[in-house]
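The structure under discussion appears below in the form of structure tokens.
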Amino acid sequence: MEGVEVDERLGAVVGRVRPRRDQRRRCGVCGRRCSLYDRGDGRRLWRACDLGATMAFVEAEAPRVNCPKHGVVVARVPWARHGSRFTKDFEDQCAWLAVHVSKTALAELLRITWRTVGRIIGCVVEERSAEVDHLEGLRKIGIDEVSFRRGQRYLTVVVDHETARVVWVQEGRDEATLEGFFDQLGPARAAALRFVTADGAAWIKNVLARRCPQAIVCLDPFHVVSWATGALDQVRREVWNEARRGGQTALARELKGARWALWKNPGDLTRRQNAKLADIARTNKPLYRAYLLKEQLREVFRRPFRAAVPLLERWLGWARRCRLVPFVRLARSIRDHRSTIITTLQYGLSNARVESVNTRIRLLTRIAFGFHSATPLIALVMLALGGLCPPLPGRP
Ligand SMILES: [Zn+2]
């Protein structure tokens, strides 16, 4: 540290520094010691963590060196990542805040744009993922797809069932995207995979058959239950439309309000929602039947294996004859997945973790809506759910 002064023009505190002798003249990319090329653009400022409410900067020379491998590049400085206008501490704090506070709070507190946040967390994640190999020791994984940008684009997400961590994310939802995961994993580690859970999509199955044929493939039960919830909602909408067309406005209003009561798990219902459900049971037989069908399918995944399989068979028989088109259709697709579902029941792989990761990623996609590409969203997912969030500067 050469000196500290208050810069009236910037309204900030500026610390003038220079690297220690052994840290000088190193390549900004690889850190190798090189010969000096020139002075570059002279002195440069890096934004540092605020001192209370006052902005702070670090100021130093930014000479260029000639690296045998990377050519003429700006020399490395120990306080900042290569090519950044912020100090490492500032960037780590920004990444920590991105995980812990709201988007607006973060941008206002740090006085930077959301776009800059995206760039910073991209760099932090890139550096931190190079330090640990997330794909080491995987035995049970879940593969999931999450939509973003109002369902127009998708991420493929791989979760480790044992640690509940996201270990890999990429944009896209097709065979080529998932092949990318297996390329990175390599054949030896792919052969060590014992269980893979997924949502039953053909593109996932095809890749699994090619890249890890020994792994036992299960369905994530929450996906199956969400299919039933979707079918239930179709029935509710049909009944509601019919009531509206028939001029039964009071009934239509009631059905519209019943949405949450039908969706929620019975244990989570409030007393009013319970009453609403009782009304539906009395006045609207088809809708109540749809509700029971959804609940019984959920029950299948809560029973021990020996009780679950006969319950599944009974459910299939009931759904096939229930005269509710969405459930007849659902019964057909569940029959298609029957053997995978039975494997799922047999191994009883709990999917609570994958489900909670799925819910949290959906939340992050909403937060990340202002980002212009998938890269910062992927970085945010890895920070929040991949264990890559740095500790606050100055803390262990
Ligand atoms: Zn170099």
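Ligands are counted one by one from 1 in listed order, and the atoms in each one are counted from 1 as well. Only this structure's heavy atoms are used, side chains among them; waters, hydrogens and symmetry mates stay out. The chain is numbered in sequence order, starting from 1. This one's a predicted model, so the numbers in the text were calculated from it and none came from an experiment.
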Worksheet item: What's the spacing between R139 CZ and L193 CG if we round to 0.5 Å?
Response: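 Spacing of CZ (R139) from CG (L193) equals 10.5 Å.
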Worksheet item: To the nearest 0.5 Å, what is the distance between OG1 (T116) and CZ (R85)?
Response: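 Rounded to the nearest 0.5 Å, the OG1-CZ separation comes out at 12.5 Å.
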Worksheet item: Do F195 and Y347 have their ring centres less than 6.0 Å from each other?
Response: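 Close enough - the centres of the two rings lie under 6.0 Å apart.
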Practice prompt. For R153, check side chain to side chain donor-acceptor pair (under 3.5 Å) against everything at least two apart and list the hits.
Written response: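 For R153, the residues satisfying side chain to side chain donor-acceptor pair (under 3.5 Å) (neighbours in sequence not counted) are E171.
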Discussion item. Within less than 2.8 Å, report the number of protein N/O/S atoms around the Zn ion (ligand 1).
Written reply: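 Those protein atoms number 4 in total.
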If you look only at distance, which donor and acceptor atoms sit under 3.5 Å apart when one is on a side chain in residues 63-74 and the other is two or more places apart or in another chain?
from: R64; atom 1: NE; to: D38; atom 2: OD1; distance (Å): 3.0
from: R64; atom 1: NH2; to: D38; atom 2: OD2; distance (Å): 2.9

Under 3.5 Å, which donor-acceptor pairs link side chains of residues 300-312 to any protein atom two or more places apart or in another chain?
from: R302; atom 1: NH1; to: E299; atom 2: OE1; distance (Å): 3.0
from: R303; atom 1: NE; to: E299; atom 2: OE2; distance (Å): 3.1

